[in-house]
Amino acid sequence: MLGRSTLIMVLVGFSVGCAAETGRRDTSSWLEARGADVMDTVGIRVGVGPGLGALVRVTEAMQLGFISRGAGGGELVGTSEHRARGVPVFMFGNIGRYGGAWFDEHHEIAFPGYSTREEDHTGIARKPIAGHVSPDGQKDGWKGSFGVSFHAILVGVEAEFRPFELVDFVAGLLGYDPSADDVPVSWETSAN
């Protein structure tokens, strides 16, 4: 009886390890990948600076509102080629699995099935101060998100939830990586 139980446990452990060829296998990296999956699921950002607007999104199919943050329409402060012509908003929080702080100038209009983020120039420009932040809104994963944004004169808040990333987190607990966003770790590397 004990021999059968041990054999079953070994086979189950082996099958989960084989199924996760693209996932992280060593414990510390596995925990790091699960933390990144949680950050992919929930995003919270706070902004301080001039702005106005509100936007509600229940995926790209059901969204409505506008947001305008940053004044002046010029280049963001701090670039070597340009002088500051506007006043950007100071933002901090996370966008997907990346967090940090950045200067933001953001102009977005959204209707069901349409957002200005889809245009060649998204109207979203970011200058990172700390952490890893995408320079515009094209890679934010906003199409499948549920969220709300508002900005009232000098303070703004955004919160979003991406339910499809929750599937990746739960699958990651079992050794799978359906989003293929875990950094691969070879057996040789993880054995050290």
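All heavy atoms count here, side chains included; hydrogens, waters and symmetry mates do not.
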Ignoring hydrogens and angles, tell me if any N or O in the side chain of [X] forms a donor-acceptor pair with the backbone of [Y] under 3.5 Å.
{"X": "D168", "Y": "G172", "result": "no"}
{"X": "E60", "Y": "P112", "result": "no"}
{"X": "S115", "Y": "R117", "result": "yes"}
{"X": "T116", "Y": "I109", "result": "yes"}

Quick one: does [X]'s side chain get under 4.5 Å of [Y]'s, heavy atoms only?
{"X": "F66", "Y": "L55", "value": "no"}
{"X": "E165", "Y": "V167", "value": "no"}
{"X": "E118", "Y": "K143", "value": "yes"}

Minimum heavy-atom distance P88-F103, with the two atoms named: CG-CD2, 3.9 Å

Results of salt bridge (charged side-chain N to carboxylate O under 4.0 Å, His left out) for R57 - residues two or more places apart only: E108

D140 side chain to W142 side chain, donor-acceptor N/O pair below 3.5 angstrom: no

I need the [X] [atom1] to [Y] [atom2] distance, nearest 0.5 Å.
{"X": "D182", "Y": "W30", "atom1": "CG", "atom2": "CH2", "answer": "10.5 Å"}
{"X": "K127", "Y": "W102", "atom1": "NZ", "atom2": "CH2", "answer": "14.0 Å"}
{"X": "S149", "Y": "H106", "atom1": "OG", "atom2": "NE2", "answer": "7.0 Å"}

Cluster check V170, L31: I/L/V/M/F/W/Y, side chain < 4.5 angstrom: yes

V89 reachable from V133 in the ILVMFWY side-chain graph, under 4.5 Å edges: yes

side-chain contact (heavy atoms from CB on, under 4.5 Å), paired with R69, selected from E105, M91, H107: M91

F164/S179 under side chain to side chain contact (heavy atoms under 4.5 Å, CB included): CA gap, chis, key distance, verdict: CA-CA 9 Å; F164 307 113; S179 293; over 6 Å; no

Qualifying residues under side-chain hydrogen bond (donor to acceptor under 3.5 Å, both in side chains), relative to K139, sequence neighbours excluded: none

Only distances under 3.5 Å count here; give the side-chain donor-acceptor pairs of residues 37-51 to other protein atoms, sequence neighbours excluded, each with its distance to 0.1 Å.
residue: D37; atom: OD1; partner: R97; partner atom: NH2; Å: 3.2
residue: D37; atom: OD2; partner: R34; partner atom: NE; Å: 3.2
residue: D37; atom: OD2; partner: R34; partner atom: NH2; Å: 2.8
residue: D40; atom: OD1; partner: R97; partner atom: N; Å: 3.0
residue: D40; atom: OD1; partner: R97; partner atom: NE; Å: 3.3
residue: D40; atom: OD2; partner: R97; partner atom: NE; Å: 3.2
residue: D40; atom: OD2; partner: R97; partner atom: NH2; Å: 2.7
residue: T41; atom: OG1; partner: D37; partner atom: O; Å: 2.9
residue: R45; atom: NE; partner: E158; partner atom: OE1; Å: 2.5
residue: R45; atom: NH1; partner: N94; partner atom: O; Å: 2.8
residue: R45; atom: NH1; partner: E160; partner atom: OE2; Å: 3.2
residue: R45; atom: NH2; partner: E158; partner atom: OE1; Å: 3.1
residue: R45; atom: NH2; partner: E160; partner atom: OE2; Å: 3.3

